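Notes to accompany the following structure.
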Amino acid sequence: MKYTKEHEWLRVEGDLVVVGITEHAATQLGDVVFVELPEVETQVAGGDEVCVIESVKAASDILAPIDGEIVAVNEKLVDSPSLVNEDPMGAAWFFKLKVDDLSVLDQFMDEDEYQDLIG
Amino acid sequence: MADLEEPELLHLGLEALHEALGGKMVPFAGYLMPVQYPDGVLKEHLHTRSAAGLFDVSHMGQVILRPRGSMEELKLAFEALMPVDVLGLAEGQQRYGLFTNDAGGILDDLMFTNRGDHLYVVVNAACKAADIAHMTAGMPGVSVEPVMDRALLALQGPAAEAALEAVVPGVAAMRFMDHRVFGDIWVSRSGYTGEDGFEVSVPEAQAEGFARKLLAQPGVAPIGLGARDSLRLEAGLCLYGHDIDTTTSPVEANLVWAIQKARKAGGAREGGFPGAARILKELAEGPERLRVGLRPEGRAPMREGVELFAEDGTPVGRVTSGGFGPSVNAPIAMGYVARAHANTGTTLMGEVRGKRLPVTVAELPFQPTTYKR
């Protein structure tokens, strides 16, 4: 598992990268009440705003961590946004990206580095 | 940037208790206040509706108005600041009031109580200094005395009556908007959540012990400002500085119920308050715009600032408060809409992140109130 400084986690699944938000981010957001997902088959660039999350407090964006194509989105989050608070690191993944070269993930933090960031 | 001076935050008497309860403290209206506790806004909101929530609202301004002449002179002086019937308020009763300006806008909204030989007033935290100056300048025959040594707690929800009765015997006999004094404890049967409940003024020295006694009662949990906001939004209640301000008149704000007959055209004391020309005209002819409830059709919340359009694209208004209503389990909002588009059931479009999404004008409140009348 890799982590971004925007509090996203990245997990490799075959040749895809699964993206979600960390437990720390979910706690900071508070109760999530709305999730807007991107269209599948969208080409995105690293830093693009691809999802919207609204909590009881405010709206925030999820950024594409790297360039790639969105090949799957987690429709469950649309009907059950609270899944983001209940299981942020597991069932509440947001989207899967197809990337040319998985070595681009090397630039991101590992677990220990991320814990230092939020510590 | 490091040299930017931040205004000094004011600290209130129950801060240690909030921290002991795990409250997340944030700046609010110049005070450090708990926005939520570990349960979070959603659970705190639902808990208040199903059991009882204890809110610290000590940042609000408590003020005593004491007559230098007769009580009647005081009441008439207070009436000169508001389009509200003060003279007709019986002893031991509380009423909602509004300070208006000469343009008919709202300077603040407040609660006032007839306590026999004086009036007790509770005003918004952010407006309290201006309100005290306004009352002092506007009522030369009245002693305006800020109450500096009292905490203010609100206990709201279906379990509030039993919980407070256990600590202050006698409160269960009170009805909505009754006010009674129990020794040092001042109790009003009122609140700002739409639930039955009480607001209790307690000497600061006793406040923590009093709050802890309430928290020990069945069903009572501490609730932060986050849930207070979603509760009042569901109840269709205005937040000063958002849903009402110096540009909105009480008629536009749909607060006509707060203007009693005595102050309206043909009433015993018609007019005679700041902005009467505009307010009486709007009462007679209807306002140009109206505060309404709004229900987004999708799941996306429409928050303060969202612009509203008619279906043909004409701009018709703006959201002034909005978010997610945990009890109605849907996004809800309030805003001002041109009168032609303000009828319940009208479909409008709200612009969220560049997209225009359908939203329906709805009746207020979103959540039925449970006041004990």
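Atoms considered below: every heavy atom in the structure, side chains included; atoms not considered: hydrogens, waters and symmetry mates. As the structure is a computational prediction, the values presented were derived from the model and not from experiment. Lettering follows sequence order; numbering is per chain, from 1.
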What part of [X] is in contact with chain B, defined as an atom under 4.5 angstrom from a non-hydrogen atom: side chain, backbone, both or neither?
X: S82(A); result: neither
X: A59(A); result: both
X: V52(A); result: side chain

(message) Under 4.0 Å between a side-chain nitrogen and a carboxylate oxygen: does that hold for E351(B) and R356(B)?
(response) yes
(request) State whether R232(B) and D243(B) are salt-bridged, where the test is any N-O pair (Lys NZ or Arg NE/NH1/NH2 against Asp/Glu carboxylate O) under 4.0 Å. (result) yes
(message) Rounded at 0.5 Å granularity, tell me how far CG in L17(B) sits from CG in D56(B).
(response)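 It is 8.5 Å, given to the nearest 0.5 Å.
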(message) Please verify the inter-ring angle class for Y3(A) with Y114(A); under 30° counts as parallel, over 60° as perpendicular, anything in between as tilted.
(response) parallel
(message) So for R299(B), is it side chain, backbone, both, or neither that comes closer than 4.5 Å to the heavy atoms of chain A?
(response) both
(message) For the interface with chain A, which of G323(B), G40(B), P301(B) has the highest count of heavy-atom pairs at distances below 4.5 Å?
(response) P301(B)
(request) Can you establish whether the number of heavy atoms outside E297(B) located under 6.0 Å from its atom CD is more than 12? (result) yes
